[in-house]
Amino acid sequence: MNRQKQQYVTIKGTKDGLTLHLDDTCSYRDLVMELEEKLSVNQTNEPDGPLVAVHLKVGNRYLTPEQEEEIRTLIRTKKNLVVESIESNVITKEEALIWKRETEIVSVSKIVRSGQILHVQGDLLLIGDVNPGGTVIAGGNIFILGALRGIAHAGYYGNKEAVIVASVMKPMQLRISDIMNRAPDYKAEERNEMECAYVDDNNQIVVDRLQLLTHLRPHLTRLERRL
Amino acid sequence: MGEAIVITSGKGGVGKTTTTANLGTALALAGKRVCLVDTDIGLRNLDVVMGLENRIIYDLVDVAQGRCTVQKALVKDKRFDDKLYLLPAAQTSDKTAVTPEQMKKLIQELKQDYDYILIDCPAGIEQGYRNAVAGADEAIVVTTPEVAAVRDADRIIGLLEKEENIRPPRLIINRIRSHMVKSGDMLDIDEIVMHLSIDLLGIIADDENVIKASNNGEPIVLDPNSKASIAYRNIARRILGESVPLQSLEEEQKGVFAKIKKFFGVR
Ligand SMILES: Nc1ncnc2c1ncn2[C@@H]1O[C@H](COP(=O)(O)OP(=O)(O)O)[C@@H](O)[C@H]1O
Ligand SMILES: [Mg+2]
(Lines give C-alpha, C1' and ligand atoms only; values in the text may rest on other atoms or scores of the structure.)
(Ligands and ions follow the chains in the order given, each with its own letter.)
Protein backbone atom coordinates (compact mmCIF):
# COMPACT_ATOMS: atom_id res chain seq x y z
CA MET A 1 0.00 0.00 0.00
CA ASN A 2 1.58 3.20 -1.11
CA ARG A 3 -1.57 5.27 -1.03
CA GLN A 4 -0.07 7.47 1.64
CA LYS A 5 2.44 8.85 -0.84
CA GLN A 6 -0.20 9.90 -3.30
CA GLN A 7 -1.33 12.75 -1.10
CA TYR A 8 -4.93 13.17 -2.20
CA VAL A 9 -5.56 14.83 1.14
CA THR A 10 -3.39 17.60 2.58
CA ILE A 11 -4.10 18.77 6.10
CA LYS A 12 -3.10 22.16 7.39
CA GLY A 13 -3.69 23.51 10.84
CA THR A 14 -4.76 27.15 11.10
CA LYS A 15 -6.03 29.32 13.91
CA ASP A 16 -9.58 28.60 12.67
CA GLY A 17 -9.14 24.84 12.93
CA LEU A 18 -8.10 22.43 10.21
CA THR A 19 -8.10 23.08 6.49
CA LEU A 20 -8.25 20.00 4.32
CA HIS A 21 -7.24 20.34 0.68
CA LEU A 22 -8.77 17.48 -1.28
CA ASP A 23 -7.36 16.47 -4.64
CA ASP A 24 -9.85 17.06 -7.46
CA THR A 25 -8.50 14.62 -10.07
CA CYS A 26 -8.60 11.27 -8.29
CA SER A 27 -11.78 9.19 -8.01
CA TYR A 28 -14.23 10.01 -5.27
CA ARG A 29 -13.81 6.53 -3.73
CA ASP A 30 -10.01 6.89 -3.50
CA LEU A 31 -10.48 10.27 -1.91
CA VAL A 32 -12.83 8.97 0.74
CA MET A 33 -10.55 6.06 1.53
CA GLU A 34 -7.54 8.28 1.99
CA LEU A 35 -9.53 10.74 4.07
CA GLU A 36 -10.59 7.90 6.32
CA GLU A 37 -6.99 6.71 6.73
CA LYS A 38 -5.45 10.13 7.25
CA LEU A 39 -7.95 11.17 9.86
CA SER A 40 -7.58 7.89 11.74
CA VAL A 41 -3.81 8.30 11.83
CA ASN A 42 -3.94 11.94 12.79
CA GLN A 43 -6.43 11.42 15.56
CA THR A 44 -4.02 12.60 18.18
CA ASN A 45 -6.27 15.03 20.05
CA GLU A 46 -7.77 13.93 23.29
CA PRO A 47 -11.28 12.66 22.53
CA ASP A 48 -13.04 14.92 25.02
CA GLY A 49 -11.31 18.12 23.90
CA PRO A 50 -13.14 21.05 22.34
CA LEU A 51 -14.65 20.71 18.84
CA VAL A 52 -12.26 21.50 16.02
CA ALA A 53 -13.68 23.17 12.92
CA VAL A 54 -12.75 21.61 9.62
CA HIS A 55 -12.73 23.57 6.37
CA LEU A 56 -12.75 21.54 3.20
CA LYS A 57 -11.39 22.87 -0.05
CA VAL A 58 -12.36 20.53 -2.86
CA GLY A 59 -11.01 22.50 -5.83
CA ASN A 60 -12.68 21.77 -9.15
CA ARG A 61 -14.58 18.78 -7.88
CA TYR A 62 -18.37 18.83 -7.77
CA LEU A 63 -19.75 17.04 -4.72
CA THR A 64 -23.35 15.89 -4.84
CA PRO A 65 -25.40 16.60 -1.70
CA GLU A 66 -25.15 12.85 -0.88
CA GLN A 67 -21.35 12.90 -1.20
CA GLU A 68 -21.13 16.04 0.94
CA GLU A 69 -23.21 14.31 3.57
CA GLU A 70 -21.02 11.20 3.45
CA ILE A 71 -17.87 13.25 3.99
CA ARG A 72 -19.44 15.27 6.78
CA THR A 73 -20.50 12.09 8.55
CA LEU A 74 -17.10 10.50 8.04
CA ILE A 75 -15.34 13.46 9.57
CA ARG A 76 -17.85 13.80 12.40
CA THR A 77 -17.13 10.20 13.45
CA LYS A 78 -13.55 11.28 14.11
CA LYS A 79 -14.57 12.36 17.57
CA ASN A 80 -14.08 16.10 17.95
CA LEU A 81 -13.90 17.14 14.30
CA VAL A 82 -16.81 18.91 12.65
CA VAL A 83 -17.09 20.23 9.11
CA GLU A 84 -17.77 23.92 9.08
CA SER A 85 -17.43 24.71 5.39
CA ILE A 86 -17.03 23.00 2.06
CA GLU A 87 -15.65 25.19 -0.65
CA SER A 88 -15.76 24.18 -4.28
CA ASN A 89 -14.82 26.11 -7.39
CA VAL A 90 -17.73 24.61 -9.31
CA ILE A 91 -21.51 24.68 -9.08
CA THR A 92 -24.12 23.01 -11.26
CA LYS A 93 -25.81 24.84 -14.10
CA GLU A 94 -29.06 24.69 -12.17
CA GLU A 95 -27.51 26.34 -9.12
CA ALA A 96 -25.93 28.93 -11.38
CA LEU A 97 -29.30 29.79 -12.87
CA ILE A 98 -30.92 30.09 -9.46
CA TRP A 99 -28.05 32.27 -8.31
CA LYS A 100 -28.43 34.45 -11.38
CA ARG A 101 -32.16 34.80 -10.85
CA GLU A 102 -31.70 35.67 -7.20
CA THR A 103 -29.04 38.27 -7.72
CA GLU A 104 -29.84 39.87 -11.05
CA ILE A 105 -31.65 43.17 -11.37
CA VAL A 106 -34.78 42.75 -13.43
CA SER A 107 -35.78 45.96 -15.19
CA VAL A 108 -39.45 46.30 -16.03
CA SER A 109 -41.02 49.26 -17.78
CA LYS A 110 -44.74 49.34 -17.07
CA ILE A 111 -47.47 50.59 -14.79
CA VAL A 112 -48.46 47.98 -12.26
CA ARG A 113 -52.19 48.59 -12.07
CA SER A 114 -54.85 47.68 -9.54
CA GLY A 115 -55.13 43.90 -9.19
CA GLN A 116 -51.82 43.20 -10.90
CA ILE A 117 -48.86 41.48 -9.22
CA LEU A 118 -45.29 41.78 -10.48
CA HIS A 119 -42.97 39.22 -8.87
CA VAL A 120 -39.23 38.83 -9.50
CA GLN A 121 -36.66 36.61 -7.78
CA GLY A 122 -33.83 39.13 -7.53
CA ASP A 123 -33.86 42.91 -7.43
CA LEU A 124 -36.58 44.84 -9.22
CA LEU A 125 -36.00 48.04 -11.12
CA LEU A 126 -39.44 49.33 -12.08
CA ILE A 127 -39.62 52.14 -14.57
CA GLY A 128 -43.19 53.26 -13.98
CA ASP A 129 -45.74 53.50 -11.19
CA VAL A 130 -47.35 51.04 -8.84
CA ASN A 131 -50.97 52.17 -8.64
CA PRO A 132 -53.22 51.63 -5.59
CA GLY A 133 -54.20 47.97 -5.47
CA GLY A 134 -51.14 46.93 -7.49
CA THR A 135 -48.37 44.81 -5.91
CA VAL A 136 -44.64 44.41 -6.58
CA ILE A 137 -42.67 41.59 -4.96
CA ALA A 138 -38.92 40.94 -5.09
CA GLY A 139 -36.62 38.43 -3.46
CA GLY A 140 -34.13 41.29 -3.21
CA ASN A 141 -34.44 45.07 -3.30
CA ILE A 142 -37.10 47.14 -5.05
CA PHE A 143 -36.19 50.34 -6.88
CA ILE A 144 -39.07 52.30 -8.38
CA LEU A 145 -38.45 55.14 -10.82
CA GLY A 146 -41.97 56.42 -10.43
CA ALA A 147 -44.67 56.56 -7.80
CA LEU A 148 -45.28 53.75 -5.34
CA ARG A 149 -48.98 53.97 -4.43
CA GLY A 150 -49.71 50.28 -4.01
CA ILE A 151 -47.99 47.48 -2.11
CA ALA A 152 -44.27 46.67 -2.24
CA HIS A 153 -42.74 43.57 -0.67
CA ALA A 154 -38.93 43.34 -0.72
CA GLY A 155 -36.79 40.52 0.68
CA TYR A 156 -39.71 38.22 0.03
CA TYR A 157 -37.83 35.04 0.97
CA GLY A 158 -36.72 36.37 4.34
CA ASN A 159 -34.05 38.97 3.62
CA LYS A 160 -34.39 41.78 6.17
CA GLU A 161 -31.50 43.69 4.63
CA ALA A 162 -33.58 44.37 1.51
CA VAL A 163 -34.73 47.93 0.85
CA ILE A 164 -37.50 49.65 -1.07
CA VAL A 165 -36.72 52.86 -2.93
CA ALA A 166 -39.23 55.03 -4.80
CA SER A 167 -39.20 58.43 -6.47
CA VAL A 168 -42.60 59.10 -4.92
CA MET A 169 -43.19 57.09 -1.77
CA LYS A 170 -46.95 56.96 -1.07
CA PRO A 171 -47.53 53.25 -0.47
CA MET A 172 -50.65 51.50 0.78
CA GLN A 173 -48.36 48.99 2.47
CA LEU A 174 -44.64 48.25 2.75
CA ARG A 175 -43.30 44.80 3.57
CA ILE A 176 -39.71 43.75 4.03
CA SER A 177 -39.18 40.05 4.76
CA ASP A 178 -42.00 39.27 7.25
CA ILE A 179 -42.26 42.79 8.62
CA MET A 180 -45.18 44.95 7.60
CA ASN A 181 -45.89 48.64 7.73
CA ARG A 182 -49.24 50.10 6.84
CA ALA A 183 -49.67 53.56 5.40
CA PRO A 184 -50.69 56.10 8.02
CA ASP A 185 -54.42 56.80 8.10
CA TYR A 186 -53.90 60.52 7.88
CA LYS A 187 -52.81 62.01 4.59
CA ALA A 188 -49.11 62.72 4.69
CA GLU A 189 -48.03 65.86 2.90
CA GLU A 190 -46.45 65.30 -0.48
CA ARG A 191 -42.68 65.14 -0.26
CA ASN A 192 -40.70 65.87 -3.34
CA GLU A 193 -37.67 63.76 -2.81
CA MET A 194 -36.76 60.15 -3.36
CA GLU A 195 -37.19 58.01 -0.31
CA CYS A 196 -36.13 54.60 0.88
CA ALA A 197 -37.63 52.10 3.30
CA TYR A 198 -35.55 49.69 5.37
CA VAL A 199 -35.73 47.61 8.54
CA ASP A 200 -34.05 49.39 11.46
CA ASP A 201 -32.49 47.99 14.64
CA ASN A 202 -35.89 47.83 16.33
CA ASN A 203 -37.14 45.50 13.61
CA GLN A 204 -39.41 48.14 12.19
CA ILE A 205 -39.77 49.54 8.73
CA VAL A 206 -38.77 53.17 8.51
CA VAL A 207 -38.98 55.53 5.57
CA ASP A 208 -36.29 58.12 5.16
CA ARG A 209 -34.19 60.09 2.71
CA LEU A 210 -32.63 58.01 -0.04
CA GLN A 211 -29.16 59.34 0.73
CA LEU A 212 -29.07 57.46 4.05
CA LEU A 213 -28.76 54.15 2.21
CA THR A 214 -25.09 54.70 1.46
CA HIS A 215 -24.44 54.36 5.17
CA LEU A 216 -27.15 51.88 6.07
CA ARG A 217 -26.62 49.41 3.26
CA PRO A 218 -23.08 49.92 1.96
CA HIS A 219 -23.18 46.55 0.18
CA LEU A 220 -26.15 47.34 -2.01
CA THR A 221 -23.91 47.31 -5.04
CA ARG A 222 -24.21 44.12 -7.04
CA LEU A 223 -20.52 43.49 -7.58
CA GLU A 224 -19.96 42.92 -3.92
CA ARG A 225 -22.54 40.21 -3.65
CA ARG A 226 -21.65 36.58 -3.43
CA LEU A 227 -23.26 33.13 -3.33
CA MET B 1 -64.54 47.59 -42.86
CA GLY B 2 -65.78 49.26 -39.69
CA GLU B 3 -64.28 49.74 -36.25
CA ALA B 4 -65.53 48.10 -33.10
CA ILE B 5 -65.21 50.13 -29.88
CA VAL B 6 -66.02 48.68 -26.48
CA ILE B 7 -67.19 51.08 -23.77
CA THR B 8 -66.23 49.74 -20.37
CA SER B 9 -65.46 50.78 -16.79
CA GLY B 10 -65.27 47.99 -14.26
CA LYS B 11 -67.60 49.78 -11.88
CA GLY B 12 -71.33 49.97 -12.53
CA GLY B 13 -73.36 53.15 -12.80
CA VAL B 14 -70.57 55.41 -14.05
CA GLY B 15 -72.19 56.06 -17.44
CA LYS B 16 -71.21 53.32 -19.91
CA THR B 17 -74.71 52.91 -21.30
CA THR B 18 -75.29 56.66 -21.43
CA THR B 19 -71.96 57.10 -23.22
CA THR B 20 -72.68 54.32 -25.71
CA ALA B 21 -76.10 55.78 -26.55
CA ASN B 22 -74.82 59.33 -26.94
CA LEU B 23 -71.64 58.59 -28.86
CA GLY B 24 -73.57 56.26 -31.17
CA THR B 25 -76.17 58.93 -31.80
CA ALA B 26 -73.53 61.62 -32.34
CA LEU B 27 -71.66 59.43 -34.85
CA ALA B 28 -74.91 58.73 -36.68
CA LEU B 29 -75.63 62.48 -36.73
CA ALA B 30 -72.20 62.90 -38.30
CA GLY B 31 -73.34 60.64 -41.12
CA LYS B 32 -71.71 57.38 -40.06
CA ARG B 33 -73.43 54.02 -40.10
CA VAL B 34 -73.49 52.87 -36.50
CA CYS B 35 -74.51 49.70 -34.74
CA LEU B 36 -74.90 49.63 -30.95
CA VAL B 37 -74.46 46.26 -29.26
CA ASP B 38 -75.75 45.76 -25.72
CA THR B 39 -73.77 42.97 -24.05
CA ASP B 40 -75.28 43.49 -20.60
CA ILE B 41 -77.26 40.27 -20.82
CA GLY B 42 -79.81 40.02 -18.02
CA LEU B 43 -79.70 43.74 -17.23
CA ARG B 44 -80.22 45.30 -20.62
CA ASN B 45 -81.06 48.99 -20.72
CA LEU B 46 -79.38 50.49 -23.75
CA ASP B 47 -82.70 49.94 -25.57
CA VAL B 48 -84.53 51.97 -22.90
CA VAL B 49 -82.07 54.86 -23.04
CA MET B 50 -82.43 54.85 -26.85
CA GLY B 51 -86.22 54.63 -26.61
CA LEU B 52 -86.30 51.44 -28.66
CA GLU B 53 -87.46 48.83 -26.17
CA ASN B 54 -90.90 48.35 -27.74
CA ARG B 55 -89.46 47.18 -31.02
CA ILE B 56 -87.31 44.33 -29.78
CA ILE B 57 -88.16 40.92 -31.21
CA TYR B 58 -84.90 38.99 -31.17
CA ASP B 59 -81.76 39.62 -29.17
CA LEU B 60 -78.01 38.98 -28.91
CA VAL B 61 -78.44 35.50 -27.46
CA ASP B 62 -80.78 34.49 -30.28
CA VAL B 63 -78.16 35.58 -32.81
CA ALA B 64 -75.20 34.01 -31.01
CA GLN B 65 -77.01 30.71 -30.64
CA GLY B 66 -78.10 30.72 -34.25
CA ARG B 67 -81.84 31.13 -33.74
CA CYS B 68 -81.97 34.06 -36.14
CA THR B 69 -79.73 36.16 -38.38
CA VAL B 70 -78.12 39.40 -37.17
CA GLN B 71 -80.16 41.37 -39.68
CA LYS B 72 -83.38 40.06 -38.17
CA ALA B 73 -82.40 40.97 -34.62
CA LEU B 74 -81.18 44.51 -35.33
CA VAL B 75 -83.57 47.24 -34.29
CA LYS B 76 -83.55 50.24 -36.60
CA ASP B 77 -83.67 53.73 -35.08
CA LYS B 78 -86.13 55.50 -37.39
CA ARG B 79 -84.91 58.96 -36.31
CA PHE B 80 -81.71 58.49 -38.26
CA ASP B 81 -82.68 57.19 -41.60
CA ASP B 82 -80.59 54.14 -42.19
CA LYS B 83 -77.72 55.19 -39.91
CA LEU B 84 -78.34 53.79 -36.45
CA TYR B 85 -79.14 50.25 -35.33
CA LEU B 86 -79.26 48.44 -32.01
CA LEU B 87 -78.57 44.82 -31.23
CA PRO B 88 -80.29 44.43 -27.86
CA ALA B 89 -79.17 42.16 -25.02
CA ALA B 90 -81.39 39.30 -23.85
CA GLN B 91 -83.30 39.99 -20.70
CA THR B 92 -83.95 36.41 -19.65
CA SER B 93 -80.58 34.65 -19.98
CA ASP B 94 -77.33 35.35 -18.16
CA LYS B 95 -73.85 36.33 -19.29
CA THR B 96 -72.77 32.74 -19.91
CA ALA B 97 -75.37 32.29 -22.66
CA VAL B 98 -72.83 33.80 -25.09
CA THR B 99 -69.13 32.97 -25.50
CA PRO B 100 -66.27 35.29 -26.47
CA GLU B 101 -65.78 33.26 -29.66
CA GLN B 102 -69.39 33.80 -30.69
CA MET B 103 -69.03 37.53 -29.97
CA LYS B 104 -65.90 37.77 -32.06
CA LYS B 105 -67.65 36.21 -35.02
CA LEU B 106 -70.68 38.42 -34.60
CA ILE B 107 -68.71 41.68 -34.35
CA GLN B 108 -66.63 40.64 -37.34
CA GLU B 109 -69.84 40.21 -39.32
CA LEU B 110 -71.19 43.61 -38.23
CA LYS B 111 -67.93 45.31 -39.22
CA GLN B 112 -68.70 44.46 -42.85
CA ASP B 113 -71.84 46.61 -42.78
CA TYR B 114 -71.18 49.43 -40.32
CA ASP B 115 -68.60 52.18 -39.86
CA TYR B 116 -68.73 51.97 -36.07
CA ILE B 117 -69.84 49.23 -33.75
CA LEU B 118 -70.19 50.49 -30.17
CA ILE B 119 -70.25 47.71 -27.61
CA ASP B 120 -71.85 48.53 -24.24
CA CYS B 121 -70.04 46.43 -21.64
CA PRO B 122 -71.56 45.23 -18.36
CA ALA B 123 -69.91 46.04 -15.02
CA GLY B 124 -67.36 43.58 -13.63
CA ILE B 125 -64.44 41.64 -15.03
CA GLU B 126 -66.04 38.25 -15.56
CA GLN B 127 -67.53 36.63 -18.62
CA GLY B 128 -69.72 39.62 -19.51
CA TYR B 129 -66.58 41.73 -19.78
CA ARG B 130 -64.75 39.08 -21.79
CA ASN B 131 -67.67 38.83 -24.20
CA ALA B 132 -67.75 42.59 -24.65
CA VAL B 133 -64.05 42.99 -25.43
CA ALA B 134 -63.74 39.84 -27.56
CA GLY B 135 -64.37 41.48 -30.92
CA ALA B 136 -63.22 45.03 -30.14
CA ASP B 137 -60.47 46.97 -31.91
CA GLU B 138 -60.58 49.90 -29.52
CA ALA B 139 -61.64 50.56 -25.96
CA ILE B 140 -63.03 53.57 -24.15
CA VAL B 141 -62.82 53.49 -20.37
CA VAL B 142 -65.43 55.55 -18.53
CA THR B 143 -64.85 56.71 -15.00
CA THR B 144 -66.21 59.29 -12.60
CA PRO B 145 -64.05 61.49 -10.34
CA GLU B 146 -64.40 59.10 -7.42
CA VAL B 147 -61.66 56.99 -5.87
CA ALA B 148 -63.52 53.67 -6.26
CA ALA B 149 -64.39 54.32 -9.90
CA VAL B 150 -60.82 55.31 -10.74
CA ARG B 151 -59.50 52.20 -8.96
CA ASP B 152 -61.77 49.98 -11.05
CA ALA B 153 -60.84 51.86 -14.21
CA ASP B 154 -57.19 51.16 -13.42
CA ARG B 155 -57.96 47.46 -13.02
CA ILE B 156 -59.81 47.38 -16.35
CA ILE B 157 -57.02 49.27 -18.13
CA GLY B 158 -54.58 46.65 -16.85
CA LEU B 159 -56.76 43.92 -18.36
CA LEU B 160 -57.27 45.80 -21.62
CA GLU B 161 -53.53 46.32 -22.02
CA LYS B 162 -53.16 42.54 -22.12
CA GLU B 163 -55.54 42.23 -25.08
CA GLU B 164 -53.34 42.03 -28.14
CA ASN B 165 -55.98 43.07 -30.65
CA ILE B 166 -57.12 46.20 -28.83
CA ARG B 167 -55.38 49.54 -29.24
CA PRO B 168 -54.35 51.42 -26.06
CA PRO B 169 -57.56 52.44 -24.28
CA ARG B 170 -58.74 56.05 -24.04
CA LEU B 171 -60.46 57.72 -21.13
CA ILE B 172 -63.73 59.58 -20.58
CA ILE B 173 -64.31 61.21 -17.21
CA ASN B 174 -68.04 61.53 -16.60
CA ARG B 175 -70.25 63.34 -14.07
CA ILE B 176 -67.78 66.04 -13.09
CA ARG B 177 -69.15 68.56 -10.64
CA SER B 178 -66.89 71.53 -10.88
CA HIS B 179 -67.77 72.98 -7.49
CA MET B 180 -66.79 69.70 -5.81
CA VAL B 181 -63.53 69.53 -7.71
CA LYS B 182 -62.79 73.10 -6.71
CA SER B 183 -63.48 72.44 -3.04
CA GLY B 184 -61.23 69.38 -3.15
CA ASP B 185 -64.10 66.95 -2.52
CA MET B 186 -63.65 65.31 -5.90
CA LEU B 187 -60.51 64.15 -7.65
CA ASP B 188 -59.37 66.66 -10.21
CA ILE B 189 -59.05 65.70 -13.84
CA ASP B 190 -55.33 66.19 -14.00
CA GLU B 191 -54.85 63.89 -11.04
CA ILE B 192 -56.97 61.14 -12.65
CA VAL B 193 -55.22 61.36 -16.02
CA MET B 194 -51.77 61.30 -14.41
CA HIS B 195 -52.70 58.35 -12.30
CA LEU B 196 -54.24 56.25 -15.07
CA SER B 197 -51.76 57.55 -17.65
CA ILE B 198 -53.84 56.92 -20.74
CA ASP B 199 -55.07 59.45 -23.30
CA LEU B 200 -58.01 61.58 -22.27
CA LEU B 201 -60.79 61.48 -24.86
CA GLY B 202 -63.14 63.87 -23.11
CA ILE B 203 -64.86 65.05 -19.97
CA ILE B 204 -68.58 65.38 -19.29
CA ALA B 205 -70.22 67.46 -16.62
CA ASP B 206 -72.76 66.07 -14.24
CA ASP B 207 -76.02 67.31 -15.70
CA GLU B 208 -79.53 66.37 -14.64
CA ASN B 209 -80.71 66.84 -18.21
CA VAL B 210 -78.76 63.67 -19.05
CA ILE B 211 -80.99 61.71 -16.70
CA LYS B 212 -84.17 63.35 -17.98
CA ALA B 213 -83.20 62.67 -21.57
CA SER B 214 -82.41 59.03 -20.84
CA ASN B 215 -85.74 58.59 -19.12
CA ASN B 216 -87.46 59.93 -22.23
CA GLY B 217 -85.55 57.61 -24.51
CA GLU B 218 -83.97 60.61 -26.25
CA PRO B 219 -80.19 60.72 -25.85
CA ILE B 220 -79.05 64.15 -24.58
CA VAL B 221 -76.89 64.61 -27.66
CA LEU B 222 -80.11 65.36 -29.62
CA ASP B 223 -80.49 68.55 -27.56
CA PRO B 224 -78.16 71.00 -29.30
CA ASN B 225 -77.80 73.35 -26.34
CA SER B 226 -76.89 71.31 -23.30
CA LYS B 227 -73.28 71.18 -22.23
CA ALA B 228 -73.25 67.42 -21.97
CA SER B 229 -74.51 67.28 -25.54
CA ILE B 230 -71.64 69.42 -26.79
CA ALA B 231 -69.19 67.30 -24.82
CA TYR B 232 -70.50 64.09 -26.41
CA ARG B 233 -70.40 65.58 -29.90
CA ASN B 234 -66.83 66.68 -29.35
CA ILE B 235 -65.85 63.20 -28.24
CA ALA B 236 -67.47 61.79 -31.35
CA ARG B 237 -65.44 64.21 -33.47
CA ARG B 238 -62.27 63.10 -31.70
CA ILE B 239 -63.17 59.49 -32.45
CA LEU B 240 -63.52 60.53 -36.09
CA GLY B 241 -59.98 61.84 -35.93
CA GLU B 242 -60.57 65.60 -35.62
CA SER B 243 -58.55 67.47 -33.04
CA VAL B 244 -61.05 69.31 -30.89
CA PRO B 245 -59.89 71.20 -27.81
CA LEU B 246 -61.54 70.40 -24.51
CA GLN B 247 -64.79 72.36 -24.27
CA SER B 248 -67.26 71.71 -21.58
CA LEU B 249 -65.92 72.81 -18.25
CA GLU B 250 -63.12 75.16 -18.99
CA GLU B 251 -64.94 78.37 -18.08
CA GLU B 252 -65.23 77.17 -14.53
CA GLN B 253 -61.93 75.38 -14.43
CA LYS B 254 -59.34 77.43 -16.19
CA GLY B 255 -56.47 76.03 -14.10
CA VAL B 256 -57.36 72.46 -14.82
CA PHE B 257 -57.87 73.21 -18.47
CA ALA B 258 -54.43 74.66 -18.84
CA LYS B 259 -52.96 71.48 -17.46
CA ILE B 260 -55.07 69.26 -19.66
CA LYS B 261 -54.33 71.10 -22.85
CA LYS B 262 -51.04 69.33 -23.13
CA PHE B 263 -52.77 66.00 -23.52
CA PHE B 264 -54.40 67.25 -26.67
CA GLY B 265 -51.51 69.30 -27.83
CA VAL B 266 -49.65 66.18 -28.88
CA ARG B 267 -52.36 65.00 -31.25
N1 LIG C 1 -73.14 63.12 -17.17
C2 LIG C 1 -74.15 62.70 -16.41
N3 LIG C 1 -74.86 63.55 -15.65
C4 LIG C 1 -75.87 63.12 -14.88
N5 LIG C 1 -76.27 61.84 -14.82
C6 LIG C 1 -75.61 60.92 -15.53
C7 LIG C 1 -74.52 61.29 -16.37
N8 LIG C 1 -74.07 60.16 -16.98
C9 LIG C 1 -74.82 59.14 -16.52
N10 LIG C 1 -75.76 59.59 -15.67
C11 LIG C 1 -76.76 58.78 -14.96
O12 LIG C 1 -76.09 57.82 -14.16
C13 LIG C 1 -76.83 56.62 -14.11
C14 LIG C 1 -75.95 55.46 -14.54
O15 LIG C 1 -75.60 55.64 -15.91
P16 LIG C 1 -75.43 54.41 -16.89
O17 LIG C 1 -75.06 54.95 -18.21
O18 LIG C 1 -76.61 53.51 -16.84
O19 LIG C 1 -74.20 53.69 -16.21
P20 LIG C 1 -73.57 52.24 -16.51
O21 LIG C 1 -74.03 51.80 -17.85
O22 LIG C 1 -72.10 52.47 -16.43
O23 LIG C 1 -74.05 51.35 -15.41
C24 LIG C 1 -78.03 56.81 -15.03
O25 LIG C 1 -79.13 57.14 -14.24
C26 LIG C 1 -77.61 57.96 -15.90
O27 LIG C 1 -78.70 58.71 -16.37
MG1 LIG D 1 -75.07 49.91 -18.36
Side-chain angles (χ1 to χ4, degrees), chain A residues 106-120 124-138 142-153 164-175 180 182-195 207, chain B residues 8-12 14 121 123-130 133 139-164 166-171 173 181 183-200 259 263:
Chain A
V106 181
S107 316
V108 180
S109 173
K110 73 171 285 194
I111 296 173
V112 181
R113 298 185 183 275
S114 178
Q116 296 182 327
I117 299 174
L118 175 62
H119 188 156
V120 305
L124 170 66
L125 174 61
L126 178 70
I127 301 150
D129 299 340
V130 182
N131 279 352
T135 305
V136 286
I137 299 172
I142 296 175
F143 309 106
I144 300 172
L145 287 183
L148 171 56
R149 297 197 179 85
I151 299 168
H153 192 165
I164 300 167
V165 176
S167 303
V168 177
M169 186 70 95
K170 297 190 79 183
M172 290 166 68
Q173 230 180 61
L174 293 173
R175 297 184 205 165
M180 200 181 98
R182 203 166 53 92
D185 285 324
Y186 57 88
K187 275 211 172 111
E189 58 192 282
E190 192 105 21
R191 280 207 257 176
N192 282 329
E193 61 181 25
M194 276 215 199
E195 289 178 300
V207 176
Chain B
T8 180
S9 69
K11 194 169 183 300
V14 298
C121 180
I125 54 174
E126 291 82 29
Q127 177 147 4
Y129 161 82
R130 288 198 296 275
V133 302
I140 294 175
V141 174
V142 182
T143 189
T144 57
E146 291 158 84
V147 173
V150 173
R151 188 72 56 86
D152 288 357
D154 192 43
R155 178 98 173 86
I156 284 289
I157 294 165
L159 296 177
L160 287 168
E161 284 173 344
K162 289 206 192 108
E163 299 286 334
E164 282 174 6
I166 301 184
R167 289 193 282 277
R170 293 191 279 178
L171 183 68
I173 305 173
V181 174
S183 65
D185 293 322
M186 250 185 190
L187 301 172
D188 87 39
I189 295 157
D190 194 40
E191 210 174 326
I192 298 169
V193 174
M194 284 259 275
H195 182 136
L196 296 177
S197 49
I198 60 173
D199 281 344
L200 182 61
K259 282 190 213 159
F263 292 103

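Please read these numbers as outputs of a predicted model, since none were measured by experiment.
Rounding to the nearest 0.5 Å gives a distance of 8.5 Å between NE2 of His195(B) and CD1 of Ile111(A). In this structure, Gln116(A) CD and Asp154(B) CG are separated by 7.5 Å, a value rounded to the nearest 0.5 Å.
For Arg113(A) and Glu161(B), the salt-bridge test passes: some basic side-chain N is under 4.0 Å from an acidic carboxylate O.
With chain B as the partner, the residue from Gly128(A), Pro132(A), Ala147(A) showing the most heavy-atom pairs under 4.5 Å is Pro132(A). Between chain B and the residues Val112(A), Asp129(A), Asn131(A), the most heavy-atom pairs under 4.5 angstrom are made by Asn131(A).
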